[in-house]
Amino acid sequence: MNWDFDQITQKAEEELRAVASDKDLEAFRIKYLGRKGLLADMYAALATASKEEKPALGKNINILKTRITGLIDGERDQIKKTKKASSIKELDVTLPGVSRSTGHKHLITQTIEEICDIFEKMGFSVQEGPEIESEFYNFDALNIPKDHPSRDGFDTFYVDMKNKTNAGQNMLLRSQTSPAQVRIMQKYKPPMAVLVPGKVFRPDAVDASHSFMFHQIEGLVVDKNIKFSDLKGLLEVFLKRLFSDDIKMRFRPHFFPFTEPSAEVDISWKGGKKDWLEIMGCGMVHPNVFKAAGYKDGEYTGLAFGLGVERIAMCKYGIKDIRTFYENDVRFLRQF
Amino acid sequence: MKISLNWIKNYVKPGISVKQLVHKLTMAGLEVEEVVSANKDCVLELEITPNRPDCLNMIGIAREISAILNKPLTLPKVKKTATQKANCNIVIKDTKGCTRYIGTVIEGVNVKSAPAWMKEAIASIGLRPINNLVDITNYSLMENGQPLHAFDYDKLEGGKIIVRRAKKGETIVTLDGVERKLDESILVIADAKKPVAIAGIMGGAATEVTATTKNILLESAHFDQILIRQTSRKLGLSSDSSYRFERSVAYQGVEYGSKRATQLILENAGGKISKYKDAKISKTQQKGNSVKLSVEQINNYLGTKATKAQIKTGLKKLGFSVSEAAKQLKVASPHFRQDILREVDLIEEIARIIGFDNIPISLPPILSCNIPSEPRRPIRNRVIDRLLSEGLDETVTYAMYNADLVGQTGQIDKKQLRVINPLTKEQELMRPSILPSFLSVAATNINRGQKNIKIFEIGKVYTPKAEEETLAILMTGTNVSDWRPASNRPVDFYDLKGALTQALECMDLGKGITFVSTENSFYEKGQSATIHLSAKVIGHIGKVDGDVLRTFGIKEADVYFCEISMEQVYMCGLKKNGYDAIAEYPAVVRDVSIAVKKDQDFGKIENLVRQLGKPILSDIYFKEEYLGEKIANDQRGLVFSLTYQDKKRTLTEEEVNKVHEKILSSIMEEFHAVLR
């Protein structure tokens, strides 16, 4: 193949003079250096050239390539400089940026995670328990008497499932996360500090503050010498981290069958509407609960607490209606 | 329960402001829910916890105030019943339902208006004054907690009281004027012929005290709390009496209540006692328990430094008697404190007296434990994070669903787990799938103008045997968020498949999941698949059937849905990542463009290519599906690129060509493909 390399170089230089934009320059580049460009043809020819021709031809092709590349680079700089000097606007920089928007974790999940994080940092282990429970774990093991009203169909949902371990006992939808207490105590030995988040169910008529399904988090600490003052200290640390250091709190005596003494915790903060807002229940694990778990009487003491996830979220974010959580309007979901 | 402070002041003088008293009561476990001041009195609404039935009356509250504030308590004195009177005719036939019945017949009463102080007292807590006899029974009940009833003695057939179960077919018109059908489950007070009261709940109209009543029979009794609760619920009828019986009434209080009311009647309505009987079933009277514990034990449990004197004084004010034996305190509880069974119950009483606010704070010594956290959580969180980054919003929906609507999705033929006592139709079934929940969420959003929805949920579904965690994803509308028109297009099957694949990217799925075209009643024909993991079907995916959508009120939208078992995913475990050295030798990329019949699955072609490409084929990248004018109607174009690479050397042109040619010829042969 015979090419007049000088002429080609000259022609290329002439062509380049006509180049005025990035687009022109790209066309020029493709003509010479593109996959089907002149240089590509030359290299293809080089492959089939005779042994004698190869060295000279190869050298010339390489010189041409270097020259063309140089020309393109030079011109590119030139174009840039021209552009810099002029004031032409190529972009409307005020148009909105485009991003791939990520999804949003449900506020209930976020609240559970936030609470679990606080306790996990204090050494708690997070556990889960079944939603469909036996009467034993939901009631008997929690020191709730056989004839207690909470066992009525008015307060607990029962399901049409066979009880595998005790055919005489009904299966139900757990009405609290507390049944996990005895499950965990049977499975592990103290010392233990565990947290159990999950769904619970109660046949309450639905309104702004009641739902037949909601979420609770149960906490349990068992060791040789756990004291009521430990319960107070632990929950004070927790609530201050969850809300803020300047909240006030109080422990008010209450009654739960599975703790003794039992308390409800109220909090208040500056600018809050009410004086006190009930936020959680807690107490010292009742000896009968230890008994149900098969622990020797008096060997361990423990503290337990439970809180409503929706209640905490409603309180933190000023949500007025609990149904908002379950409607899943995307305009709600995307706020958090 | 409502209490009047003026009334309370008959027994104890708090000597502090109402605001302070409200705080003290609340902090002692008697939460004050409302304070209303009227007529120089102050009425508090208290929440009494179920373990404290002894606080459901003025004296009970006064006793608490006396203990909390360390003030003296003065109780109304009742006179001992004078001499032996003639026996009142009382027969307790149902000895389980009624363990004690005191009947007092008072003759020659003068029915008139009650004295002003009494009318004021009962009116202050919301009771309507009627006449002196009725008002006295109410006043006495509210004062000491023992329910009472006054019968017109002359209207009792045979002058008899029989405590028995009702007979089937019997009826009674109660004081509220309603005729009620009775049955064998209901305990009644009857005379010689008929029921005259529903025991512990409400008296009958036929024997009620009226303006013309001359002689009365005063009932003070002890009924079984469970029986009363069941009857009250069954009849949908409750009263101040049944409220207290349900929560337990003190056995020994039966006598005090009877005597107190008798005395008030004699003082305010005249008359004289003609007959009296205390019919008791249990021989031993219900007594309080005795518990031993040490000061050290108390302080260890609470983290306090309470002194022996402090503990003793507090308990005594609450009605306990305390003696010392060895190094322990022996505490006997009063008869009305049946809730005190063991040490911890007493410790709570001491904590209340000290005040929970005064108990110091500390932290548990060791919070670290060797209990492993739930292994599902980190996996679930990884899956959630991936789905969020794919732009999907997480939902939380109800675990129960309307059975009819579940049926409309074609899923009712699966075995169902039913709720035995749902409140509404929306709770009758434990959902067998998240599909109905998600179609409701989609419908709600679309109806509110939110047409572009991408959501997911990891939640439970249920069978009659188990609860199982599943992952569901739903997509409908357009892929938006971009104003550049080229990127806006409706979501489709591949968006959903892509999100699902991403979600599971972190899992050790072995050979991965595969999609097999399958028909499913709730998906559009030809647009759905089952999802396989090894040999197991772990879920399904597809475009939701239009008829199903219309059932849920979705009219003009394409909805894509998939659901897979998280239980199966969890079993795979997280991928254990090792480092894969970056290839040092160059890769050769070859594009393949073929035309095949529409019903040929790319998956099969891909499998063949992988098989034949071994060991130098390192990647297959799918680039385009073409369904257009430039191709025959029954054909489609597929474009994909094949990457050949070896980790240890540079591949030669010849060996790549050899493999590539073999792949091309096999595709053409096996799938009747032509190169485009």
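These values consider heavy atoms only, across backbone and side chains, with no hydrogens, waters or symmetry-generated copies.
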If the test is side chain to side chain contact (heavy atoms under 4.5 Å, CB included), which one of His215(A), Gln216(A), Glu114(A) qualifies with Val309(A)?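 Only match with Val309(A) under side chain to side chain contact (heavy atoms under 4.5 Å, CB included): His215(A).
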
Proximal component of [X], with respect to chain A [non-hydrogen, under 4.5 Å]:
| X | result |
| --- | --- |
| Leu417(B) | side chain |
| Thr463(B) | backbone |
| Ile226(B) | side chain |
| Asp339(B) | neither |
| Pro375(B) | neither |
| Tyr462(B) | side chain |
| Arg448(B) | both |
| Glu343(B) | neither |
| Arg386(B) | neither |
| Glu246(B) | neither |
| Ile384(B) | side chain |
| Ala28(B) | backbone |
| Arg342(B) | side chain |

Short N-O contact, [X] and [Y], less than 4.0 angstrom:
| X | Y | value |
| --- | --- | --- |
| Asp393(B) | Lys454(B) | no |
| Arg380(B) | Glu128(A) | yes |
| Glu236(A) | Lys232(A) | no |
| Asp152(A) | Arg233(B) | yes |
| Glu428(B) | Arg418(B) | no |

With respect to chain B, which residue among [options] yields the maximal number of heavy-atom pairs within a distance under 4.5 Å?
| options | answer |
| --- | --- |
| Gly233(A), Pro261(A), Ser229(A) | Ser229(A) |
| Leu172(A), Thr102(A), Val126(A) | Val126(A) |
| Lys189(A), Glu120(A), Lys199(A) | Glu120(A) |
| Pro203(A), Cys116(A), Gly283(A) | Pro203(A) |
| Ser262(A), Pro190(A), Ala205(A) | Ser262(A) |
| Glu131(A), Met213(A), Arg250(A) | Glu131(A) |

Residue selection (most heavy-atom pairs with chain A, distance under 4.5 Å) from [options]:
| options | answer |
| --- | --- |
| Ser362(B), Ala399(B), Gly303(B) | Ser362(B) |
| Thr397(B), Asn300(B), Asp345(B), Val441(B) | Asp345(B) |
| Arg52(B), Gln427(B), Arg352(B), Arg376(B) | Gln427(B) |
| Asp385(B), Asn381(B), Ile371(B), Thr424(B) | Ile371(B) |
| Gln230(B), Gln225(B), Glu390(B), Met400(B) | Met400(B) |
| Ile347(B), Val419(B), Leu387(B) | Val419(B) |

With a 4.5 angstrom heavy-atom cut-off, could you sort out which part of [X] is near chain B: side chain, backbone, both or neither?
| X | answer |
| --- | --- |
| Val196(A) | neither |
| Lys224(A) | neither |
| Lys187(A) | neither |
| Phe325(A) | backbone |
| Val222(A) | neither |
| Pro257(A) | neither |
| Leu173(A) | side chain |
| Asn170(A) | neither |
| Ile132(A) | both |
| Ser211(A) | side chain |

Can you tell me how far apart [atom1] ([X]) and [atom2] ([Y]) are? Round to the nearest 0.5 Å.
| X | Y | atom1 | atom2 | result |
| --- | --- | --- | --- | --- |
| Lys451(B) | Asn445(B) | NZ | CG | 10.5 Å |
| Ile455(B) | Phe438(B) | CD1 | CZ | 4.0 Å |
| His286(A) | Gln181(A) | NE2 | CD | 12.5 Å |
| Lys460(B) | Glu469(B) | NZ | CD | 6.0 Å |

Phe201(A) ring centre to Arg174(A) NZ or CZ under 6.0 Å, with the angle to the axis within 45°?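 No - Arg174(A) does not lie over the ring of Phe201(A) by the 6.0 Å and 45° rule.
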
Is it true that the NZ or CZ of Arg334(A) lies under 6.0 Å from the centre of Phe332(A)'s six-membered ring and within 45 degrees of the ring axis?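 No; the conditions do not both hold, so Arg334(A) does not lie above the ring face of Phe332(A).
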
[X] side chain to [Y] backbone, donor-acceptor under 3.5 Å:
| X | Y | answer |
| --- | --- | --- |
| Thr109(A) | Lys105(A) | no |
| Thr26(B) | Val32(B) | yes |
| Arg202(A) | Ser175(A) | yes |

Pair Phe251(A) and Phe356(B), ring centroids less than 6.0 Å apart: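 Between Phe251(A) and Phe356(B), the centre distance exceeds or equals 6.0 Å.
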
Would a line drawn from the ring center of Phe119(A) to the ring center of Phe305(A) be shorter than 6.0 Å?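 They qualify: ring centres under 6.0 Å apart.
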
Is there side-chain contact between Phe256(A) and Glu264(A), with heavy atoms separated by less than 4.5 Å?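 A side-chain contact exists here, since the closest heavy-atom pair is under 4.5 Å.
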
Under 4.5 Å between any side-chain heavy atoms of Tyr401(B) and Met430(B), yes or no?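 A side-chain contact is absent here, since even the closest heavy-atom pair is not under 4.5 Å.
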
Can a donor-acceptor pair be found between the side chains of Asp155(A) and Ser150(A) at a distance below 3.5 Å?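 No, no side-chain donor-acceptor contact under 3.5 Å.
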
